[in-house]
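Report on one structure; see the data block that follows.
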Protein chains: 2
Amino acid sequence: MRDVAREAGVSQSLVSIVFRDAPGAGEQTRERVLEVARRLGYVRDESARSLRSTRPLSIGVCFRLGRPFHDAVLEGLYRAVAGTPYRLVLSAVSGSRAEEAALDDLEACRCGALLVIGSLLEESELSVRARRIPLVSVARRCDSAEIDWVVSDDEGGMDRAVAHLQGLGHESVTYLSCPGASGGENRERAFRKVAQRLGLVGGAQVRVGGESEEEGVRIAEEMVAAGNVPSAIIASNDSLALGVLGGLLRHGVGVPERVSVIGMDDLKALHRPRVKVTSLCQDTSRLADLAIGRALRRLSPAEGRGTRPRGTILPMSLEVRDTTGPATLGKLPGGA
Amino acid sequence: MRDVAREAGVSQSLVSIVFRDAPGAGEQTRERVLEVARRLGYVRDESARSLRSTRPLSIGVCFRLGRPFHDAVLEGLYRAVAGTPYRLVLSAVSGSRAEEAALDDLEACRCGALLVIGSLLEESELSVRARRIPLVSVARRCDSAEIDWVVSDDEGGMDRAVAHLQGLGHESVTYLSCPGASGGENRERAFRKVAQRLGLVGGAQVRVGGESEEEGVRIAEEMVAAGNVPSAIIASNDSLALGVLGGLLRHGVGVPERVSVIGMDDLKALHRPRVKVTSLCQDTSRLADLAIGRALRRLSPAEGRGTRPRGTILPMSLEVRDTTGPATLGKLPGGA
DNA sequence: CTGAAAGCGCTTACAG
DNA sequence: CTGAAAGCGCTTACAG
């Protein structure tokens, strides 16, 4: 910066003014500074900037590697942050990197706020961090006093899914859970509630599922082997749904002729050429917009941390595709 | 840090010494400082650290959102960097964020080196950046004088794939290219070379492919409609292979009975329950290890930027699974 | 083993 | 509109 100032024949503060787009520089001077900077390959130093600046310059994002849902939210976050004066700082959770480490890293980087996608941490631990720095939880509800959150309406979505199946004549539905996942408990609770509300009490089954296609296949095969294949299945995530689908088809159990299958999350991975899975979709783009909105609110000097945190529940949409159809009442072959 | 020093009754430099694990602090003092820091919720500021430190503290990584291959490499990078004194700084490329912007961000963050996964930029642009900061290109060969690179051996892999098909009796092979991808040209060139070397000259076809399952389906359907379905297909990426597979099966063309299909990259997405696709695999973990190794070399004061850049070509392995089988010489039904 | 002082590259008042 | 000076939170010599 000093070099640029010298080369352009101005003071260093003037260069700073030009780069911050602050008032106080003539049109000509501004252009000359910019030209010199370009010529010298000058890049403004973010560390120095954020160290000296009186307000934060960045928003931290904690996400998980290899999850299409997280990638989709991230994509939305970049879009949402584009019009603001903030930049995104990323920190990934993976097999070799715990969520705690990822969050520590973000806290050390002078982020003004933290967005955490699908956190798997205890709510109490998130609370502790939220006391140090504003926290927005995405896709995971947090009822602690300090945390803003944005989630999808599992219950409303589940309602739509079950009603869809009932409309097709299905009288019993088996739900495959996902114990380890961030929204797992919530989804299971939603299913139980909805099943009761829609009078599915006797026909509602909950079975431990998982998060991978492999587990889905195994479950499907167990069902077939036990001669106990339900007429409708809601899988708590799409990988599971895909596995169940594959497992059933492999054993000659028709989908949707004999069994209807619904997935959740609407990942791109679902859009396979062979069969498009009916799925309950989260609106990743709105999730991202709202998350950035919350962060901006906390970052604004006017509002700041004063107000109590806000939770928002976004509707889910049921995308009806190829894997759901009329109930056959066990009259078709394929049932064990 | 000043607060911690005051609270622990020591000087600020002593706190710094403790946190840097530098010699010069008594065991007791060290523990007291650590205890106080924990109690106060002190987090060392990365911006200040990297600004003041005489050597770089971080390595920047530029990757693309929603690509399983990139995620796999990232996972390996986190593992590889764990034992070093450096941290990873991530910057994502996505629909709403150009690769240039992602790299600019990294340059502004005082990274000591940049790892770029599957860059789509012109080599000349990478060169310009490499003059400012050491650059390691992953999965994209760079012959400019300034850039280290680590790639997979497309030609050796292709050799293995074609030989495998020949061993099964296939006399002609159609290659589906991937014009937009980062390694696209290289793979296509590799196929042409290998086809010639293995005497497949007449039977070698190159056809424009793509990067999505949808494109794969379309191509398969065009082949079926034109009555021109080859006996063996190598797709330049796995999504394409999956699409081709789906498209063929849908029209009753048996895989591998009538057509053999090989994909490339061995993404997790390939491990579907129904059919496991034979694929040419990149070793993402070694790719990551080597990339970090290159960066460390450039970062070490001893070696530094003095030596000329090194390129490394890693072997690919052919994972033979369900989609390749003996050639049927057009005697089976299903050929148009 | 411990403390006082300088300085990384910026931004931010404040005086000309 | 422009320049000199202070300071963000650390690390790094260097003196006790």
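This structure is a prediction, so every number in the text was calculated from the model and none was measured. Within every chain, numbering begins at 1; the chains are lettered A, B, ... in the order of the sequence lines, protein sequences first and strands thereafter.
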ask   = Which is true for Phe19(A) with a 4.0 Å heavy-atom rule: it touches a base, it touches only sugar-phosphate, or it touches nothing?
value =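 Here Phe19(A) touches no strand at all.
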request  = With heavy atoms under 4.0 Å as the rule, sort Gly24(B) into base, sugar-phosphate or nothing.
outcome  =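 It contacts base atoms.
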Looking at the side chain of [X], which of [options] is the nearest nucleotide?
X        : options                  : answer
Leu51(B) : dT11(D), dC8(C), dT2(D)  : dC8(C)
Thr29(B) : dG9(C), dT2(C), dT11(C)  : dT2(C)
Ser11(A) : dT2(C), dG3(D), dG9(D)   : dG3(D)
Arg52(B) : dT2(D), dG7(C), dC10(C)  : dG7(C)
Gln12(A) : dT2(C), dT11(D), dT11(C) : dT11(C)

With respect to the phosphate group of [N], does any side-chain polar atom (N or O) of [X] fall under 4.0 Å of OP1 or OP2?
X        : N       : answer
Thr54(B) : dT12(D) : yes
Arg20(B) : dC10(D) : no
Ser53(B) : dT12(D) : yes
Ser13(A) : dT2(D)  : no
Ser50(B) : dC10(D) : no

key: Closest-nucleotide ordering on DNA chain C, the 5'-leading residue of Ala25(B) and Arg110(B)   =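 Nearest-nucleotide comparison on DNA chain C picks Ala25(B).
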How many whole angstroms separate atom [atom1] of [X] from atom [atom2] of [N]?
X        : N       : atom1 : atom2 : value
Arg30(A) : dT2(D)  : CZ    : C1'   : 14 Å
Ile17(A) : dA4(D)  : CD1   : C1'   : 13 Å
Glu46(A) : dT11(C) : CD    : C1'   : 13 Å
Arg44(A) : dT12(C) : CZ    : C1'   : 14 Å
Asp45(B) : dC10(C) : CG    : P     : 16 Å
Arg55(B) : dT11(D) : CZ    : P     : 11 Å
Arg2(A)  : dG7(C)  : CZ    : C1'   : 11 Å
Leu57(B) : dT11(D) : CG    : C1'   : 10 Å

ask   = For Phe69(A), is the NZ or CZ atom of Arg64(A) found under 6.0 angstrom from the centre of its six-membered ring and inside 45 degrees of the ring axis?
value =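 Because its charged atom misses either the 6.0 Å distance or the 45° angle limit, Arg64(A) does not stack over Phe69(A).
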ask   = Now, which nucleotide makes the Watson-Crick or G-U wobble pair with dA13(C), with each of the two distances under 3.5 Å?
value =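 Paired with dA13(C), as far as the under-3.5 Å criterion goes, is no nucleotide at all.
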request  = Give a yes or no on this: more than 12 heavy atoms of other residues, nucleotides or ligands lie within 6.0 Å of atom CD of Glu100(A).
outcome  =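 For Glu100(A), atom CD is crowded (more than 12 foreign heavy atoms under 6.0 Å).
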query = Is it the case that more than 12 heavy atoms not belonging to Glu35(A) sit under 6.0 Å from its CD atom?
reply =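 Yes.
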request  = Output yes when Arg6(B) and Asp3(B) qualify as a salt bridge under the 4.0 Å nitrogen-oxygen rule, no when they do not.
outcome  =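 Salt bridge flag = yes for Asp3(B) with Arg6(B).
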message = Go through it in stages, so that I can follow the logic: the residues are Ser94(A) and Arg79(B), the test is side chain to side chain donor-acceptor pair (under 3.5 Å), and I'd like the CA-CA distance, side-chain angles, deciding distance and then a yes or no.
response = CA-CA 9 Å; Ser94(A) 80; Arg79(B) 205 183 315 267; over 6 Å; no
Test side-chain contact (heavy atoms from CB on, under 4.5 Å) applied to Ile133(A) and Arg298(A), Glu107(A), Arg110(A), the passing residue =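 Result for side-chain contact (heavy atoms from CB on, under 4.5 Å) with Ile133(A): Glu107(A).
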